[in-house]
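To keep things clear, I will list the structure first and then write my remarks on it.
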2 protein chains.
Amino acid sequence: MQTYRINMKRRSTPTKEAVLDVITKTGKAMSQDAIEKKINIDINRATIYRVLNRFCEDGVLHKVVAEDGKQYFALCLDCDNIHKSINHFHFRCVKCETIECLPTEVNFSIPDKYTVQNVNCVLTGTCKDCF
Amino acid sequence: MQTYRINMKRRSTPTKEAVLDVITKTGKAMSQDAIEKKINIDINRATIYRVLNRFCEDGVLHKVVAEDGKQYFALCLDCDNIHKSINHFHFRCVKCETIECLPTEVNFSIPDKYTVQNVNCVLTGTCKDCF
DNA sequence: CTATTTAATGCGACTATGTTGCTTTAGAAG
DNA sequence: CTTCTAAAGCAACATAGTCGCATTAAATAG
């Protein structure tokens, strides 16, 4: 796997690799506790959060907050196109408790003098596998 | 023994009135701690949450979870039109730390076999007053 | 190779948000 | 007034996420 070292100062560590590996294989947005459960090595909670947030800073992952109030981290598959990577809907299945990125883009118009910095859109229900 | 009392109605209490009053006067979506700070009487934290959740059940308020992971409660102004009351964008201003309901409706299409039960869309940035 | 630098990690403490169980209070109906 | 029970208060608990600080270990210079 290629290193995602955008910032020269980042070091590649087993922890980073393991976290990214789990998220990649799962193919969904994952929370810290889900990652900790699924990972085969023992990584401290705080460390996982720091790794995840660093990945977000570097544009490797993006963060979504679901209606359960938890942060979920997903791969940025179209990170060359920032707009596309941020402004899409996410779907949270109440049955299998997973969150996935939908191909559906979020379109909106806002009143005058409003500035949007971030978009957080999550649809909740049952996914195609749990139908 | 009176077993005919099936419909247990809500009771009107000073707490309920006060909470609803604050939210109405503020005109925005409010979190529990914001309500507790702004209210003039002393109400227990758990009680405020219970009041708010009851209002949600009764269709008086609706709940949004912002990207800060907190629950915000706003008046349902068009609750006769369920679709409209749920599916609108919310705007969270990072400066004045308030959340308001936008008139912008959320439109989306989802893949086959997905069922949507809830929509949670929050835009974050600076509002017209903090511009 | 060793030595140095400092990013990354582990640990513990801490804050905040929200919920639950249990007891007490009080609203409304009889 | 009495009864029934929703609602409120309190305390404990659960979970999520962050932060300070000491230690570890990548990257690199020598």
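Between R54(A) and the phosphate of dT9(C), there is a side-chain N or O to OP1/OP2 separation shorter than 4.0 Å. The side chain of S12(A) places no N or O atom within less than 4.0 Å of a non-bridging phosphate oxygen (OP1 or OP2) of dA26(D). Put simply, T47(A) has a side-chain N or O that comes within less than 4.0 Å of OP1 or OP2 on dG10(C). An OP1 or OP2 oxygen of dT9(C) is reached within less than 4.0 angstrom by a side-chain nitrogen or oxygen of T15(A).
For the side chain to side chain donor-acceptor pair (under 3.5 Å) test, residues two or more places apart in sequence or in another chain that qualify with S31(A) are D33(A). Scanning for side chain to side chain donor-acceptor pair (under 3.5 Å) contacts around T47(A) gives an empty result, with sequence neighbours left out.
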So what is the 5' to 3' dot-bracket string for DNA chain C, if pairs are Watson-Crick or G-U wobble with both distances under 3.5 Å, crossing pairs use [ ] and | means the partner sits on another strand? ||||||||||||||||||||||||||||||
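We find that CZ of F55(B) is positioned 14 Å from C1' of dA6(D), with the value rounded to whole Å. Rounded to whole Å, the distance from NZ on K16(B) to C1' on dA7(D) is 9 Å. Distance CD1 (I48(B)) to P (dG9(D)): 9 Å, rounded to an integer number of Å.
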Output a table of donor-acceptor pairs, distance under 3.5 Å, between side-chain atoms of residues 122-129 of chain B and any protein atom two or more places apart or on a different chain; print 'none' if there are none.
{"unit_1": "T124(B)", "atom_1": "OG1", "unit_2": "E67(B)", "atom_2": "OE2", "d": "3.4"}
{"unit_1": "T126(B)", "atom_1": "OG1", "unit_2": "T115(A)", "atom_2": "OG1", "d": "3.4"}

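Nucleic acid contact for D68(B): none, since no nucleic acid atom lies under 4.0 Å from a heavy atom of the residue.
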Quick one, give me the B/S/- string for nucleotides 19-25 of chain D, reading 5' to 3', where B means a protein heavy atom under 4.0 Å from the base and S means that only happens at the primed atoms, P, OP1 or OP2. BB----B
Taking only nitrogen or oxygen atoms into account, show me every contact under 3.5 Å that the protein makes with nucleotides 12-16 of chain D, one pair per line with its distance.
{"unit_1": "dA16(D)", "atom_1": "OP1", "unit_2": "K70(A)", "atom_2": "NZ", "d": "3.0"}

